[in-house]
Amino acid sequence: MSIERPRRLDAGGTLLPRPDAAERPRLARLAWLWVEFIVVFIGTPLLLAWLIFEQRLPLFVALQPVLLLFIGYMLYDDTFHLKAELSKDFTFVHLLSILAVFVIVAAVVAWLVQKHMPGQYLAFPRRRTRVYQLVMIAYPLLSVVTQELVFRTFFFHRYGPLFGRQRVLAVLVNGAAFGFAHIIFGNWVAVAGTAALGTLLAWRYTATHAFWAVWLEHTLYGWLVFTVGLGGFFFTGVASVG
């Protein structure tokens with residue numbers, strides 16, 4: 001004789017369906033993704049910070065194996081198609097939104113830097129013009145491409161299932177992860193600033209699903225940071241550029 005387990009009731013007293021055995025693999029995958037997420041977006045920045053500040057390893061050296069691992073990740077995941085991701089377009093309305101938000105933020109940031117850090121305001125383009133020009137060219141082609149592939153395109157492709165339809169939660173977690181990754185610069189300005197920017201970029205990506213939309217927006221804010229005098233907060237061990 002078999003004893004049937006009592007069925008569960010919901011808050012209203014309605015009989016709940018039995019757990020489907022087919023649901024277990026999905027739950028196991030979600031659990032694995034959470035573990036993976038913690039290792040990638042919390043463990044990796046902590047490891048990099050330790051290598052940079054305790055072992056005195058240069059940032060570009062510490063980042064190389066991390067970038068190779070991400071590339072391997074993308075190649076291993078046969079559901080991720082880079083060509084398809086890069087071919088997605090965004091609308092003229094989104095372009096206007098990107099530019100409008102940037103103009104407002106840029107005006108506020110420039111005013112704050114000029115008021116509170118007058119010695120740094122426009123110091124980089126004025127005093128180190130050649131280096132500044134190289135940064136303006138290299139930053140969007142190297143840094144922004146890599147960051148957006150990892151933190152927006154790959155993040156939402158790989159870890160989007162963790163959030164389901166909870167877009168706001170996904171956007172906030174992405175912004176927090178992006179900010180936390182910048183602990184490698186050793187100052188709160190880099191962490192807070194990139195957390196805010198990451199939240200904006202995550203919202204933009206979930207609205208457009210277009211890599212080039214977030215690439216453009218990220219590039220604009222990077223150019224702003226290096227132009228107005230905040231670039232020093234984004235170099236390890238350096239508090240100012242001038």
Side-chain angles (χ1 to χ4, degrees), residues 45 48-49 52-53 57-64 66-67 70 95-153 174-205 210-242:
L48 287 174
I52 292 168
F53 297 113
L57 199 65
L59 175 60
F60 71 92
V61 174
L63 277 177
Q64 298 312 308
V66 175
L67 293 178
F70 270 113
L95 174 60
L96 290 180
S97 174
I98 290 171
L99 296 177
V101 174
F102 173 73
V103 168
I104 295 171
V105 174
V108 173
V109 171
W111 178 78
L112 288 173
V113 174
Q114 188 176 28
K115 180 179 177 62
H116 298 287
M117 301 171 57
Q120 293 300 316
Y121 184 64
L122 300 181
F124 193 17
R126 286 176 177 173
R127 301 174 189 172
R128 303 177 65 183
T129 305
R130 180 60 177 168
V131 176
Y132 170 79
Q133 291 171 343
L134 292 174
V135 169
M136 292 298 100
I137 295 171
Y139 180 73
L141 299 177
L142 300 177
S143 181
V144 177
V145 166
T146 303
Q147 291 184 65
E148 289 311 311
L149 282 176
V150 171
F151 281 95
R152 249 62 63 182
T153 304
N174 182 269
F178 190 59
F180 186 73
H182 288 77
I183 62 172
I184 59 176
F185 295 114
N187 66 84
W188 70 267
V189 175
V191 174
T194 52
L197 177 60
T199 302
L200 173 62
L201 294 172
W203 178 86
R204 185 76 61 189
Y205 187 80
F211 168 83
W212 296 111
V214 290
W215 174 85
L216 172 62
E217 195 158 25
H218 192 156
T219 296
L220 291 174
Y221 286 99
W223 282 346
L224 172 67
V225 162
F226 289 110
T227 300
V228 299
L230 296 175
F233 291 106
F234 296 86
F235 289 97
T236 54
V238 183
S240 63
V241 175

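Between L224 and L220, the closest side-chain pair of non-hydrogen atoms is not below 4.5 Å. You'll find the side chain of W212 stays beyond 4.5 Å of the side chain of E148, heavy atoms only. Proximity of L200 to V105: side-chain heavy atoms (C-beta onward) are nowhere separated by under 4.5 Å. Proximity of M117 to V228: side-chain heavy atoms (C-beta onward) are nowhere separated by under 4.5 Å. Two residues are said to be in side-chain contact when any heavy atoms from C-beta on lie closer than 4.5 Å; T199 and F178 fail this criterion. Between N174 and W203, the closest side-chain pair of non-hydrogen atoms is not below 4.5 Å.
Across all non-hydrogen atoms, the minimal contact from Y205 to T153 is OH-CA, 3.7 Å. Heavy atoms only, all atoms of each residue included: A213 and I98 are closest at O-CD1, 3.7 Å. Across every non-hydrogen atom of I184 and F53, the tightest pair is O-CZ, 3.1 Å.
Applying side-chain contact (heavy atoms from CB on, under 4.5 Å) to I183 and the options V191, L48, T194 leaves one that passes, V191.
Residues passing the side chain to side chain donor-acceptor pair (under 3.5 Å) test with T227, sequence neighbours excluded: Y132. Qualifying side chain to side chain donor-acceptor pair (under 3.5 Å) partners for T146, counting only residues two or more places apart in sequence or in other chains: none. Applying the side chain to side chain donor-acceptor pair (under 3.5 Å) test to E217 and every residue at least two apart in sequence or in another chain returns R204. For V108, the side-chain contact (heavy atoms from CB on, under 4.5 Å) partners two or more places apart in sequence, or in a different chain, are L112. Looking at residues two or more places apart in sequence or on another chain, you find no side chain to side chain donor-acceptor pair (under 3.5 Å) involving Y221. Contacts of V103 classified as side-chain contact (heavy atoms from CB on, under 4.5 Å), with partners at least two apart in sequence or in another chain: none.
For the atom pair CG (L216) and NE2 (H218), the distance works out to 11.5 Å, reported to the nearest 0.5 Å. Separating the OH atom in Y139 from the CZ atom in F234 is a distance of 7.5 Å, to the nearest 0.5 Å. Taking CZ from F151 and CG from L201, the interatomic distance works out to 11.5 Å, rounded to the nearest 0.5 Å. Distance CG/L230 to CD/Q120: 9.0 Å, rounded to 0.5 Å. The distance from the CZ atom of F211 to the CZ atom of R152 is 10.5 Å, given to the nearest 0.5 Å.
When atom types are taken as modelled, the side chain of W215 and the backbone of V144 share no donor-acceptor pair closer than 3.5 angstrom.
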F124 and V131: side chain to side chain contact (heavy atoms under 4.5 Å, CB included), yes or no, with the steps? CA-CA 8 Å; F124 193 17; V131 176; 3.8 Å; yes
